[in-house]
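This report refers to the structure that appears directly beneath it.
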Protein chains: 2
Amino acid sequence: MEYISQNVARNLKRVRKTRKMSLDDVAEQTGVSKSMLGQIERGESNPTVETLGKIVSGLRIPFTSLVNSANTDIIIVNKESLLPFKSVEGEYQFYEYFPYEESRTFEIYMMQIHPRAKNCSGGHGENTFEYLTVIAGILTLEAEGKIYEIKEGDSIRFPTHGDHIYSNNTDEILKFVITFTWN
Amino acid sequence: MEYISQNVARNLKRVRKTRKMSLDDVAEQTGVSKSMLGQIERGESNPTVETLGKIVSGLRIPFTSLVNSANTDIIIVNKESLLPFKSVEGEYQFYEYFPYEESRTFEIYMMQIHPRAKNCSGGHGENTFEYLTVIAGILTLEAEGKIYEIKEGDSIRFPTHGDHIYSNNTDEILKFVITFTWN
DNA sequence: TCATTTTGTGCGTTATACTGTATATTTTTT
DNA sequence: AAAAAATATACAGTATAACGCACAAAATGA
């Protein structure tokens with residue numbers, strides 16, 4: 001209940017308002033109950049794909065217009081409201097700030113590795129790259145058969161067609177931002 | 001659980017298979033449980049938008065590629081599996097065979113009106129039209145301030161910017177197919 | 001052929017999507 | 001300002017989405 005549902009909430013409310021329709025009107029036209037529509041607009045519900053289907057079909061709008069974030073919008077991502085996508089307690093946490101979306105050509109993540117821990121990642125396919133910017137600590141990166149040390153404030157770009165390992169060989173926490181891209 | 005979920009089912013299975021991934025692989029990459037993915041692929045579940053979000057994001061595919069019916073597909077719509085969208089028992093039933101979808105420029109419905117019953121419809125906006133083909137009975141249509149009688153086998157096209165009324169003034173059931181279009 | 005591993009399904013539990021009805025809130029009318 | 005109407009939220013009940021674990025089925029290897 002935290003990312004796409006909020007897009008749907010804003011988008012649905014926007015189309016309804018610009019069309020000057022009431023919740024009852026939309027309920028009538030889509031076959032989705034008024035209460036559900038209200039909850040969706042308030043971001044209190046995580047609708048099913050069939051419900052979305054009824055809405056887009058009844059309102060005759062493209063699916064993506066509900067689901068995508070209007071790209072004029074300002075988007076604020078709170079780390080708090082963001083549960084780590086991959087996480088091993090006491091080892092590492094991987095946060096998705098701007099994960100894949102069709103309209104973008106890159107993705108932004110944050111990784112946090114605890115002292116003496118590491119994380120191994122498989123390849124991401126041909127012509128994929130990561131840009132790592134270290135915010136705190138020292139990152140030891142193993143990629144393309146070599147080992148790199150990236151210090152706080154530094155940044156690296158490398159191809160990710162092959163396996164790569166992020167490790168924290170220090171006694172302080174390591175944090176870095178990942179921009180992932182392809183082609 | 002009946003239309004879009006089936007698209008999702010087929011589409012998800014197709015991408016997974018072409019990528020030669022197991023359910024475990026997809027679960028790992030998306031953060032959606034293996035059992036859920038299995039149910040989705042078997043068309044046994046009606047996933048929420050957040051779950052879909054995790055899938056499209058993890059697999060890096062466009063939202064629409066899950067949701068749309070591959071337009072090479074043959075689509076069979078069973079009346080049985082299709083609960084009437086609008087229905088008043090003993091009066092009329094309105095079935096959505098091919099409702100709005102972005103990739104199409106028309107929609108196809110079927111309407112069934114019981115003896116001596118009628119159905120009133122508001123306007124659908126500028127430059128919208130209906131093509132009605134009567135399959136059984138006699139349709140009495142009121143539109144644009146005039147009254148038309150359409151007999152079994154006949155067809156009519158008329159603009160639907162204004163109110164219109166379908167009535168069955170006979171003692172037999174009335175059935176007709178509606179093709180709705182715009183512009 | 002039988003073990004071993006890999007991949008998919010079934011099952012019980014919990015959280016919540018969705019509905020209909022009732023209540024609250026806002027807007028409009030008199 | 002009060003009454004009436006229109007619109008949005010609250011609530012309670014039911015169905016089911018989503019998960020983790022255990023089992024089954026299929027594929028692989030010895």
Side-chain angles (χ1 to χ4, degrees), chain A residues 1-59 66-67 81 83-89 122, chain B residues 1-59 66-67 81 83-89 122:
Chain A
M1 183 93 46
E2 14 172 315
Y3 175 56
I4 311 224
S5 338
Q6 302 306 319
N7 287 350
V8 176
R10 278 191 299 270
N11 290 326
L12 177 54
K13 186 156 201 168
R14 199 190 56 241
V15 287
R16 182 170 71 85
K17 286 300 182 190
T18 52
R19 293 189 186 185
K20 300 204 200 322
M21 295 172 82
S22 69
L23 287 177
D24 275 307
D25 295 338
V26 178
E28 151 80 7
Q29 206 166 106
T30 61
V32 175
S33 73
K34 173 167 67 163
S35 23
M36 182 59 346
L37 292 167
Q39 291 182 45
I40 293 174
E41 284 196 358
R42 275 172 271 135
E44 290 171 14
S45 181
N46 172 7
T48 66
V49 68
E50 292 292 347
T51 301
L52 282 189
K54 289 185 195 171
I55 295 174
V56 301
S57 165
L59 255 36
L66 275 192
V67 149
S81 72
L83 24 153
F85 174 61
K86 280 181 190 165
S87 174
V88 179
E89 206 49 55
Chain B
M1 182 93 46
E2 14 173 316
Y3 176 58
I4 311 222
S5 338
Q6 302 306 320
N7 287 350
V8 176
R10 278 191 298 271
N11 289 326
L12 177 55
K13 186 154 199 169
R14 198 190 56 239
V15 293
R16 182 171 71 85
K17 286 301 183 190
T18 52
R19 294 188 187 186
K20 299 205 202 321
M21 296 172 80
S22 69
L23 288 176
D24 275 306
D25 294 338
V26 177
E28 151 80 8
Q29 207 167 107
T30 61
V32 175
S33 74
K34 173 167 66 163
S35 23
M36 184 55 351
L37 293 167
Q39 290 182 46
I40 294 174
E41 285 196 355
R42 275 173 271 134
E44 290 172 13
S45 181
N46 172 8
T48 66
V49 68
E50 291 293 346
T51 300
L52 281 189
K54 289 186 194 170
I55 295 175
V56 301
S57 165
L59 256 34
L66 275 191
V67 149
S81 71
L83 26 152
F85 174 62
K86 281 181 187 162
S87 175
V88 177
E89 203 51 54

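Taking only side-chain nitrogens and oxygens, Thr48(B) comes nearer than 4.0 Å to OP1 or OP2 of dA18(D). Checking the phosphate oxygens (OP1, OP2) of dT7(D), no side-chain nitrogen or oxygen of Arg16(A) falls inside 4.0 Å. The side chain of Ser45(B) places an N or O atom within less than 4.0 Å of a non-bridging phosphate oxygen (OP1 or OP2) of dA17(D).
Under the 4.5 Å side-chain criterion, counting only non-hydrogen atoms from C-beta, Val49(B) is not in contact with Thr51(A). The shortest distance between side-chain heavy atoms of Leu12(A) and Leu59(A) falls below 4.5 Å. Side-chain atoms of Val67(A) and Leu52(A), non-hydrogen and from C-beta on, do get closer than 4.5 Å to each other.
Toward the 5' end of DNA chain C, the nearer of the two residues Lys17(B) and Lys54(A), judged by each one's closest nucleotide, is Lys17(B). Between Gln39(B) and Asp25(B), the residue whose closest nucleotide on DNA chain C is further toward the 5' end is Asp25(B).
Exactly one of Lys17(A), Arg16(A), Lys34(A), Arg14(A) qualifies for a salt bridge (Lys or Arg N to Asp or Glu O under 4.0 Å) with Glu41(A). That residue is Arg16(A).
Taking atom CD1 of residue Ile40(A) and atom C1' of nucleotide dT9(D), one finds them 15 Å apart after rounding to whole Å. Rounding to whole angstrom units, CE of residue Met36(A) and C1' of dA17(D) are separated by 13 Å. If you take CG of Asn46(A) and P of dA17(D), they are 12 Å apart, rounded to a whole angstrom. Atom pair Lys13(A):NZ and dT9(D):C1' shows a separation of 11 Å (rounding to whole Å applied). The CD atom of Glu50(A) sits 13 Å away from the C1' atom of dC18(C) (whole-angstrom rounding). Atom CZ in Arg42(B) sits roughly 12 Å away from atom C1' in dC11(C) (whole-Å rounding). Counting to the nearest Å, the P atom of dA8(D) and the CD atom of Glu41(A) are 8 Å from each other. If you measure from atom CZ of Arg19(A) to atom P of dT7(D), you get 17 Å, rounded to the nearest angstrom.
Contact of Lys34(B) with dG8(C) (side chain to base): a donor-acceptor pair of N or O atoms is detected under 3.5 Å. Below the 3.5 angstrom threshold, one finds no donor paired with an acceptor across the side chain of Ser22(B) and the base of dG8(C). In this model, no side-chain donor or acceptor of Ser35(B) finds a partner on the base of dG8(C) within 3.5 Å.
Between the side chain of Asn46(B) and the backbone N or O of Glu50(A), at least one donor-acceptor pair lies under 3.5 Å.
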